[in-house]
Amino acid sequence: MTYTMRNAAMFAVIGLLLLWVGQTQSWNVALQIINLCLISSIMALGVNIQWGYAGLFNVGVMGSAALGGLAVVLVSTNPEPEALKAGGLGVILSLVLGIATIGGAIFAYKRFPKSRLRGMVVFAIVVIGFFVTRAVFGPATDAIEKINPARAGNIGGLGLPVLLAWPVGGLFAGVVSWGIGKIALGLRSDYLAIATLGISEIIVAVLKHEDWMTRGVKNISGLKRPVPYEIDLQAAPWFLDLCERLGTDPVTFSSIFVKLSYGILFAVVLLLFLWLSEKALNSPWGRMMRAIRDNEEAAAAMGKDIKSRHLQVFIIGSVVVGIAGAMLTTLDGQLTPSAYQPLRFTFLIWVMVIVGGSGNNWGSVLGGFVIWFFWIEAEPMGLWLMDTITVGMAEDNALRIHLIESAAHMRLMTMGLILLLVLRFSPKGLIPEK
Amino acid sequence: MDILSAVILISNYILVPAIAYGSQLALGALGVTLIYGILRFSNFAHGDTMAFGAMVTILFTWWFQSMGISISPLPTALLALPFGIAGCAILVLLTDRFVYRFYRKQKAAPVIFVIASVGVMFIMNGIVRFIIGPNDQRFADGAKFILKARDFKRDFGLHEGLTIKVSQGITVVTAVIVVAALFWFLNRTRTGKSMRAYSDNEDLALLSGINPDRVVMVAWILAAALATIAGTLYGLDKSFKPFTYFQLLLPIFASAVVGGMGNPLGAIAGGFVVAFSEISVTYAYKKFVKYLVPESWEPDSLVQLLSTDYKFAVSFLILLMVLLFRPTGIFKGKSV
């Protein structure tokens, strides 16, 4: 009972902190923080599935999140008929050719016995396939980018409702993690870390430079929303009526209302995943996973297929992160490829999982809330700290200016310090695994 | 047909830059592989260790420049290098004392070390940005070129020029000296031999009376020295920006894995493999082809295999190939 009480108390504390922000700063800010806390918690749940259940160290969280963002663009934006006509076929054909090349190479590699000839055949397939694919791909994407470059210059999407993009984001992330897992799982643990770090950098590089798909650094803004627009709300009679009854200003309340609607949507997803994760963790499957994590050799001796189990759990975790990534892009309303930074999207999530308690789903949720709250509030705190330290110095003192300007970098150090301190002094985290 | 021009073109744009870049990667990968061999984990903080060492070197360089000390035509940074190494070694030893030693005593799993190194990376990154800021810093001085394209063209009467920057020359010379010294140390000195013994078989090394604390300390100091040198050379050659050092992590890991983790010779070979592939795959061969084929065959496209935006993908692909076909690397590495 005390275990539950203690955990409830911790959630209550973070709830009170958020209420305090709402009271002292504004409800808009508080809801903004809560929404991102919810998304962070889902990402942390995904990472916890990989690390807490199975002990897999994935540093490619950013890649899965970015794929989720890409899914939002490809599913929900309106199609660009001209661009599709100009290069849509070419892009699809080159995609098929690319897959055929890889498939052909794998087939040849598996089919023929090991010999010098096999090496040459595989090499030839890859090289020829690469050039053929590029010969189709290059002109197609050039044609797309030429059409209406100021406004679009990309192929657009399917024009479907944005909520549909969330599962698609999970699908994208799952497919890529399947490829990575196939290669890097089963080798020593560090290799998975290095491989995931690499693939996440490449995914973001693709988002940044493939203008025909994501408009690259020109960003795609004005993505569809699953909730109403503030302007429409302010004109809707039922909304104005509601405002009158509550006695609030329609302009402020409309923005609160929108954020609240997002929050409810995210909370539903979070609760769903939390429920599923708890079910999974306490099922025979979950016990098997933990048994594999704690003693691979014994589990293998019992006839468990370690590699395929790891692959399974690695994909599930990435899918969850991908969905959360799609939700984040939906909330932002735009895809900004240059905003994907490993510190923010990979390592921050890791801090959440470790601080919250590896292996405990509730811990990940709590970690998501606590760390996101401090990530946001660390900057004003750092600024305040620097102001206090330098209060005796003159206004134009070089050191004072430098310290105040550098306050933003306090975040990195704070996060690193929290990670190391928790890992050392309380490795089980805030809510330990049962 | 102008074969000579084609050769010079390739030397200018691929050979010379790749040798310099390869030397920098090799030095970085040597540090990673050394820590892997002795402490048995992949140090994710190595990129930021390089940034920290380079930063201390830059601060000393600025100080020397302000006092008017210089070793022109060589860059002042070389003079500041020992101070940078000392500063970096102090920081790295502190992280070992306060972070890694605890897990070593506990005999924690390698993955815990890796996570701890991620925490260290955060802190080092924060320190560097806090002290010097996140922007580009210039600290190179002295002569710029050993060989200028214009002079080369005039002296030899050719269409193509060859440029060799001083920073590239210094990189290669320094790398050769450092590698020679490192191998002499590992193969000839008592401490070096005890380090190799410890790396090969920890238990046997302990039985024969080798002091593990000393081995670990020396390994960290060497790693700090290699990181500082690699970081400073990279900064001289390109420019110093904290974030690029984080991004160097991937090519450095790829180099170390290609050569076989824990194998110093492999790290050097790996560095050059990665550098040459990265530069030759992202180079546009249009002009090169133009020199070799009759005029009517000239290509319209750039004849570039991969856009330079994806140079990370090259390291990654190499990494994947090695993991797929030879997980222990070209030279046999170790796996824990």
Side-chain angles (χ1 to χ4, degrees), chain A residues 51 55-57 59 109 130-131 134-135 138 179-180 182-184 186-195 197-199 201-202 204-206 208-210 216 341-343 346-348 350-351 354 402-403 405-424 427, chain B residues 36 40-42 44-45 95 98-99 102-103 108-116 118-134 243 246-247 249-251 253-254 256-257 261 301 305-307 309-313 315-317 319-320 323-325 327-328 334-336:
Chain A
W51 166 245
L56 301 176
F57 187 50
V59 262
Y109 186 78
F130 177 79
F131 283 106
R134 264 196 47 151
I180 288 294
K182 265 290 198 202
I183 294 167
L187 300 169
R188 51 160 290 134
S189 54
D190 304 25
Y191 286 162
L192 180 69
I194 299 172
L197 179 79
I199 194 77
E201 289 283 336
I202 290 172
V204 172
V206 169
K208 267 187 205 163
H209 301 297
E210 294 302 319
Q341 299 283 344
L343 287 170
T346 297
F347 298 115
L348 191 65
W350 266 94
V351 175
I354 304 262
H402 180 82
L403 281 177
E405 274 178 3
S406 308
H409 306 303
M410 289 287 284
R411 273 177 168 184
L412 297 180
M413 253 186 278
T414 320
M415 287 303 141
L417 214 56
I418 292 177
L419 180 67
L420 287 179
L421 288 175
V422 171
L423 198 63
R424 163 129 187 205
Chain B
Y36 186 87
R40 297 180 168 81
F41 74 97
S42 311
F44 270 69
T95 62
F98 289 107
V99 180
F102 173 76
Y103 301 109
V111 69
I112 299 292
F113 279 90
V114 176
I115 295 178
V118 167
V120 172
M121 178 183 84
F122 258 108
I123 293 180
M124 282 189 177
N125 197 311
I127 294 175
V128 171
R129 287 181 190 214
F130 191 77
I131 295 179
I132 207 165
F243 186 64
F246 169 79
Q247 290 190 318
L249 209 54
L250 187 63
F253 274 137
V257 173
M261 278 284 212
S301 65
L305 284 171
L306 209 62
S307 123
D309 303 326
Y310 295 119
K311 54 178 200 236
F312 297 115
S315 337
F316 183 72
L317 282 180
L319 187 76
L320 284 194
L323 292 187
L324 272 175
F325 299 110
T328 46
K334 57 166 63 201
S335 86
V336 182

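Just so you know, these numbers come straight off a predicted model, no measurement behind them. The chains referred to below are lettered A, B, ... by the order of the sequence lines, with proteins before strands, and numbering in each begins at 1.
Counting all heavy atoms, side chain and backbone alike, A/L420 lies closest to B/A116 at CD2-O, 3.5 Å. When every heavy atom of A/F131 is checked against every heavy atom of B/L305, the shortest pair comes out as CZ-CD2, 3.4 Å. Closest approach of B/V114 to A/F57, counting heavy atoms only: CG1-CE2, 3.3 Å. The shortest non-hydrogen separation linking A/A193 to B/F44 is CB-CZ, 3.8 Å.
Among A/I418, A/T414, A/V206, the residue making the largest number of heavy-atom pairs under 4.5 Å with chain B is A/V206. Counting heavy-atom pairs closer than 4.5 Å to chain B, the top residue among A/I180, A/I194, A/I183 is A/I194. Put simply, of B/F312, B/F243, B/F253, B/F130, the one with the most heavy-atom pairs under 4.5 Å next to chain A is B/F130. Residue with the most contacts toward chain B among A/L192, A/I202, A/L419: A/I202 (heavy-atom pairs, distance under 4.5 Å). Between chain B and the options A/W350, A/F347, A/F130, the largest number of non-hydrogen pairs under 4.5 Å is found for A/F347.
Side-chain N or O atoms of B/D309 include none that pairs as donor or acceptor with a backbone N or O of A/H209 at under 3.5 Å.
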Legend entry - Intermediate values then yes/no, ring-ring contact (aromatic ring centres under 6.0 Å, His included), A/Y109 and B/F325: CA-CA 11 Å; A/Y109 186 78; B/F325 299 110; 5.3 Å; yes
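Residues A/L343 and B/F246 form no side-chain contact, since every pair of their non-hydrogen atoms from C-beta on lies 4.5 Å or further apart.
For B/F98, the ring pair (Phe, Tyr, Trp, His ring centres under 6.0 Å) criterion is met by no residue, not counting sequence neighbours. Residues that satisfy the ring pair (Phe, Tyr, Trp, His ring centres under 6.0 Å) test with B/Y103, not counting sequence neighbours, are absent from this structure.
Both the backbone and the side chain of B/L323 come within less than 4.5 Å of a heavy atom of chain A. Residue contact with chain B, scored on non-hydrogen atoms closer than 4.5 Å, involves the side chain of A/I354 exclusively. Proximity to chain A (any heavy atom under 4.5 Å) is shown, for B/M124, by neither the backbone nor the side chain. For chain A, the nearby part of B/Y310 is the side chain; its heavy atoms alone come within less than 4.5 Å. Heavy-atom distances place no part of A/P427 under 4.5 Å from chain B, backbone and side chain included. Residue contact with chain A, scored on non-hydrogen atoms closer than 4.5 Å, involves the backbone of B/I131 exclusively.
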